[in-house]
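Here's the structure we're looking at; comments come further down.
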Amino acid sequence: MKKKSRMRRDVSIIVPLYKGSRYCDRLMKMFEMNCRYKGLYQKCSIEVIFINDYPEEKIILEAPEGIFHLQIYTHEKNQGIHAARVSGVKLAAGAYVIMLDQDDLVKDNWLYSQWNAVQETQTDVCLCNGWGERFRILKENDEFERIIEHRHDIICTENPIMSPGQAIIKKDCIPKEWTDHIMKVNGADDFLLWIMMTKRGCRFTLNKEYLYYHSPERTEHSVHMASMIESLKEVLSILSETGNFLSGEELTDFQKLIEFKEKDKGFRVYLRDMAILHSLKRWLKIKNQGIELTRFFHKYNYRHIAVYGMGHLGESLYYELRNSDVCIDYAIDRIVSLADFEGELDILSWEDPFRTIDAVVVTLVTDYSETIKRLRERLECPVILMEDILREVVSDVFF
């Protein structure tokens, strides 16, 4: 990507988009409110850069005149969130950059406070505090201060920073190795950035104001929890390849940490249970708004479906749909002995013939890649993760 010669700016806000058009109006209003706060746009030159990583979707926006400059760049093909962030950094004309996710929320004084904090401290990275859920803060300020103080132990604590959206970063301090080694697995590219910047001696500080909301919806289309281990492996591979950030002992410790997470049954159960919990929280959020999941199936005209996996989520989906016009024709499960206690639903194994349906819903929350592949080989219909259905319905209702 060739960077055009143009006006130098103070701050570049970079937003990677993936199926993100639904968020754009809200983001544009949010940025305008921030730029107008106490006349910030008159004192600070600001640009907003949208990197569209889903080229099938066109993004057409118009910036408010004289408030901030707008760039929209579309990748020719989907490349992942790290590539999108790097594209934004390369296009950025700002002395400082902020990398927000498409579903992040910020207070109206977020940019004003962050800009003034980083100017006052003259540091390379300024983190603000905020919320991980509506009623729950990310961390206490004293905990963030301890993290900053002991950040050289970052590989032992994993990623202590929730999201790049918390940070305003001096662009010149972003290591070239981070922009040159693009991660293929979403999840830990920001962790890689913090490791590299820490080991390069970059100066971090904390803005104690609560300004940022890391939406728990995580349209992470971005990341499923089970993918994080693979992403951490890629971080290790890049750090080993570059060879100038971690010592041999630190690389060994990092390797052991990943191996422990990968092999420890308790940790894998924890990942699964946390993923189920997040799915159920999304589901409850939808129900509290009086919305039924049939909304999704009607949208795509899926009237006859199959369900793979009849655990907690599979059973809940059955009860949600059984009195609706969306029919679960049968379920599929790897546990051959599984049967319906009430005798109302056919439960098939892999050895049974699969009848034609409109779609298959997979209720697994971890280790589902092979299952999806096998289902696509057996059935000529869409195979959809339950988690993606919940995300889409939440997005349709709340964004």
Side-chain angles (χ1 to χ4, degrees), residues 13 15 23 26-27 29-31 33-34 37-38 40 81 96-118 120-121 123-151 153-154 156-169 187-191 193-195 197-198 203-220 222-223 225 228 270-271 273-286 288-289 390-391 394-395 398-399:
I13 303 171
V15 184
Y23 302 97
R26 186 181 72 178
L27 286 163
K29 290 175 185 175
M30 194 167 70
F31 295 145
M33 291 294 289
N34 268 267
Y37 184 84
K38 293 190 176 182
L40 178 64
I81 195 165
Y96 291 85
V97 298
I98 301 173
M99 294 180 275
L100 278 183
D101 289 336
Q102 62 189 16
D103 51 354
D104 284 342
L105 295 171
V106 295
K107 292 287 191 179
D108 289 348
N109 64 325
W110 158 75
L111 187 56
Y112 178 89
S113 181
Q114 283 287 79
W115 170 247
N116 281 287
V118 80
E120 181 180 339
T121 59
T123 47
D124 303 314
V125 181
C126 181
L127 303 172
C128 68
N129 211 330
W131 294 264
E133 298 180 36
R134 181 173 178 179
F135 303 104
R136 185 167 294 173
I137 62 173
L138 293 173
K139 287 180 174 67
E140 297 289 350
N141 279 324
D142 59 354
E143 187 176 353
F144 266 130
E145 287 178 327
R146 285 195 297 271
I147 287 168
I148 290 171
E149 183 181 355
H150 300 289
R151 66 187 181 278
D153 299 326
I154 191 169
C156 300
T157 58
E158 297 184 67
N159 192 354
I161 302 169
M162 178 65 78
S163 171
Q166 285 178 257
I168 183 167
I169 305 168
D189 66 284
D190 55 330
F191 187 32
L193 177 61
W194 308 137
I195 291 174
M197 293 190 75
T198 294
R203 297 162 299 156
F204 286 61
T205 192
L206 175 67
N207 177 358
K208 294 184 179 181
E209 284 202 69
Y210 291 82
L211 304 167
Y212 168 81
Y213 178 49
H214 184 68
S215 167
E217 309 318 332
R218 305 322 302 149
T219 4
E220 299 217 24
S222 42
V223 178
M225 292 180 74
M228 188 57 73
Y270 166 78
L271 282 183
D273 290 348
M274 287 301 296
I276 291 172
L277 174 62
H278 283 295
S279 293
L280 292 174
K281 285 173 64 178
R282 286 192 179 95
W283 205 332
L284 183 59
K285 186 174 183 179
I286 294 165
N288 285 341
Q289 295 296 316
L390 294 170
R391 283 198 181 100
V394 167
S395 297
F398 292 96
F399 299 106

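Below, each value reflects all heavy atoms present in this structure, side chains not excepted, and no hydrogens, waters or symmetry copies.
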From [atom1] ([X]) to [atom2] ([Y]), nearest 0.5 Å:
X	Y	atom1	atom2	answer
Tyr23	Leu100	OH	CG	13.5 Å
Glu143	Asn141	CD	CG	10.0 Å
Lys38	Asn116	NZ	CG	8.5 Å
Leu211	Leu105	CG	CG	13.0 Å
Met197	Arg203	CE	CZ	10.5 Å
Trp115	Leu40	CH2	CG	8.5 Å

Output yes when a side-chain donor or acceptor of [X] lies under 3.5 Å from a complementary backbone atom of [Y], and no otherwise.
X	Y	answer
Asn129	Lys139	yes
Gln114	Cys126	yes
Thr121	Ala117	yes
Asp108	Met33	no

Would you say that [X] contacts [Y] through its side chain, given a criterion of any heavy-atom pair below 4.5 Å between the two side chains?
X	Y	value
Ile169	Leu193	yes
Asp101	Ile81	yes
His214	Gln166	no
Asp104	Met30	no
Ile13	Leu111	yes
Ile286	Leu390	yes
Tyr212	Ile98	no
Trp131	Lys107	yes

Nearest non-hydrogen partners of [X] and [Y], listed with the distance:
X	Y	answer
Ser113	Asn207	OG-ND2, 2.8 Å
Met228	Gly187	CE-O, 3.4 Å
Ile148	Phe204	CG2-O, 3.7 Å
Trp194	Ala167	CH2-CB, 3.8 Å

Problem set entry | Within 6.0 angstrom of Glu120 CD, more than 12 heavy atoms from elsewhere |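 No, not enclosed.
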Exercise. Would Lys281 and Lys285 satisfy side-chain contact (heavy atoms from CB on, under 4.5 Å), going step by step from the backbone distance to the final call?
Worked result: CA-CA 6 Å; Lys281 285 173 64 178; Lys285 186 174 183 179; over 6 Å; no
